[in-house]
Structures are given as C-alpha cells and as structure tokens.
Amino acid sequence: MDLTQKEEVVEWLDSLNNSISSGEISGPSFLKPFHFVTLALMAKKEQFKEKFEEIVLPEGLSDYAERMGLWEAAGMEPPNRVRSRHSTDTIMPVFALKDRQQINDRIKDFKVLFDIENNPDKKDILIVLSELLENCYAHSRVNEDLHGLVCAQQWQRGNLGQIAICDLGIGVRKSL
C-alpha cells in the first residue's frame, strides 16, 4: 500500500466527473477508501443514474468492493454476493451519515480500527474526526438522499491507514 498523493485523488475525481459525459468509468487496479466513498456518492447523483445502471468492476475488485459496502452505499444491487460479509479488524465499510448517532458510532469504529483507545498519543485525532464527521453531516444534501459517506481501512503490514470522508457540500477553499 502506497501513500495516497493529492494528485491521485484529483485525477480520480476528474475521472469520475468525466465518466458522466463519456459513459465509461476507468479506475485503478487497486481501490482505496477514497475511491469507495466518492464513487458511491457519485453513483447516487441523478446524472450518474441516467448513464449507468450499474458499476462494473474487475472480478477481483468486485468482491472487495462488496465487503467495503460500495453497492449498498450507492443504493445499488451488488453484481454478486460475497459469501461472508463479516467485518474484519482492518476495514470500516462505507457508511452514510444519516443521523448524529451514526457519527458517534463511526468514532467508536475508528477507536477500534486504529487502536486509539490504547494509545494516548492518538486521542487528539478523535476530536479532529468528530469535527470532520459533524461538518460532513451538516453539509450533506440530506433532502436529496445524498448523505455524507465515511469509510476506512488499515494495512498492518505497511503500518498505514486511510480514512475517507465525502459529501457534496461547497468544499474547502483551495487557499486553505
């Protein structure tokens, strides 16, 4: 697992936006949490629904995407059911932030996933995550069923993790 670069995210978002006009989605051979939340949120938008009836992924990625909750978050039927939907200690599937209780639930998930309870040096991150999730919830388009989404994964071998939070709010100014 490589560190995610800003350019990688920008390129992916451009690819998703271009998919509306081209009718094709092309993606990387390995998906990270930011791919799942952005693709799921894009799939819920009307323009996307008009072009695509389903999200088609390579076979190996399809099972992984099912475990990560992509189709459920996108409001679509998965192409095939993965036998086991058990969660592991390395992923937090995509969740829609439909109410404030879910924010608290996701914070608890982060504590477990990233072993924050047992590491006092990491406790400040919970405050940051809580603020980000509150902001995501407050600025999502709830009336349009476009709730903010959150997902995470950790890779123990690389001692890395990724938390992805996505909404369709006005965004953060580039100057920040």
Side-chain angles (χ1 to χ4, degrees), residues 1-82 85 90-98 102-103 106 128-129 131-155 158 160-176:
M1 165 60 192
D2 296 330
L3 292 175
T4 301
Q5 302 298 317
K6 175 184 169 187
E7 295 78 21
E8 183 182 358
V9 176
V10 169
E11 186 178 305
W12 171 248
L13 294 176
D14 287 345
S15 173
L16 283 179
N17 285 325
N18 292 336
S19 71
I20 299 292
S21 57
S22 72
E24 284 187 27
I25 300 174
S26 61
S29 59
F30 180 78
L31 298 177
K32 299 177 183 178
F34 80 88
H35 293 109
F36 290 116
V37 294
T38 52
L39 183 55
L41 200 54
M42 178 69 83
K44 291 188 75 120
K45 292 174 73 174
E46 260 332 291
Q47 305 94 317
F48 189 93
K49 288 179 182 178
E50 292 169 8
K51 283 273 187 183
F52 301 97
E53 292 180 20
E54 62 184 351
I55 298 170
V56 179
L57 297 173
E59 190 174 317
L61 290 180
S62 188
D63 290 351
Y64 172 47
E66 169 64 13
R67 283 191 302 280
M68 290 299 285
L70 173 64
W71 283 277
E72 185 176 288
M76 299 176 157
E77 283 294 317
N80 55 342
R81 286 276 174 198
V82 175
R85 286 232 10 160
T90 62
I91 67 168
M92 184 176 86
V94 181
F95 284 97
L97 300 173
K98 295 181 179 181
Q102 290 180 327
I103 294 170
R106 297 304 69 85
V128 172
L129 290 170
E131 291 296 320
L132 287 170
L133 293 179
E134 282 285 344
N135 185 282
C136 180
Y137 174 77
H139 297 287
S140 61
R141 297 182 189 171
V142 175
N143 294 341
E144 300 171 46
D145 194 33
L146 294 172
H147 305 280
L149 300 174
V150 62
C151 157
Q153 184 168 3
Q154 64 130 331
W155 294 269
L160 294 171
Q162 184 173 97
I163 298 168
I165 302 168
C166 183
D167 67 47
L168 289 173
I170 61 171
V172 178
R173 293 187 316 269
K174 288 187 180 189
S175 62
L176 294 176

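Values reported hereafter were calculated over all heavy atoms of this structure, with side chains retained and with hydrogens, waters and symmetry mates removed.
What you find for Gly148 and Cys136 is that their closest heavy atoms are CA-SG, 3.4 Å. Ile91 approaches Arg67 most closely through the heavy-atom pair CD1-O, 3.7 Å. Between Glu77 and Trp71, the shortest heavy-atom distance links the atoms O-CD1, 3.6 Å.
Considering only residues two or more places apart in sequence or on other chains, Gln154 meets the side-chain hydrogen bond (donor to acceptor under 3.5 Å, both in side chains) condition with none of them. By the side chain to side chain contact (heavy atoms under 4.5 Å, CB included) test, Thr38 pairs with Trp12, Leu13, Leu16, Cys166, sequence neighbours left out. Partners of Glu134 by salt bridge (Lys or Arg N to Asp or Glu O under 4.0 Å), not counting sequence neighbours, listed by chain and number: Arg100. Applying the side chain to side chain contact (heavy atoms under 4.5 Å, CB included) rule to Gln5 yields the partners Leu3, Glu7; only residues at least two apart in sequence or on another chain are considered. Taking the side chain to side chain contact (heavy atoms under 4.5 Å, CB included) definition, one finds that Ala164 meets it with Pro33, Phe34, Val37, sequence neighbours left out. Here Ala152 pairs with Met92, Phe110, Leu113, Phe114, Ile163 under the side chain to side chain contact (heavy atoms under 4.5 Å, CB included) rule; sequence neighbours left out.
In this structure the side chain of Leu97 never reaches within 4.5 angstrom of the side chain of Asp167, judged on heavy atoms. Considering only heavy atoms from C-beta on, Phe30 stays 4.5 Å or farther from Asp2 through its side chain. Considering only heavy atoms from C-beta on, Lys45 comes within 4.5 Å of Leu168 through its side chain.
Between the NE2 atom of His35 and the CG atom of Leu57 there is a distance of 11.0 Å, given to the nearest 0.5 Å. Distance check: Ile103 CD1 to Glu131 CD gives 10.0 Å after rounding to the nearest 0.5 Å.
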- Could you give me the CA-CA distance, side-chain angles and deciding distance for Leu129 and Val150, then say whether side chain to side chain contact (heavy atoms under 4.5 Å, CB included) is met? CA-CA 11 Å; Leu129 290 170; Val150 62; over 6 Å; no
- Message: Applying side chain to side chain contact (heavy atoms under 4.5 Å, CB included) to Glu8 and Glu11, what does each step give before you reach the verdict?
- Response: CA-CA 5 Å; Glu8 183 182 358; Glu11 186 178 305; 5.8 Å; no
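Although no hydrogens or angles enter the test, the distance criterion places a donor-acceptor pair under 3.5 Å between the side chain of Gln102 and the main chain of Lys98.
Considering Leu39, Leu61, Val94 as possible partners of Leu70, the one that fulfils the side-chain contact (heavy atoms from CB on, under 4.5 Å) test is Leu39.
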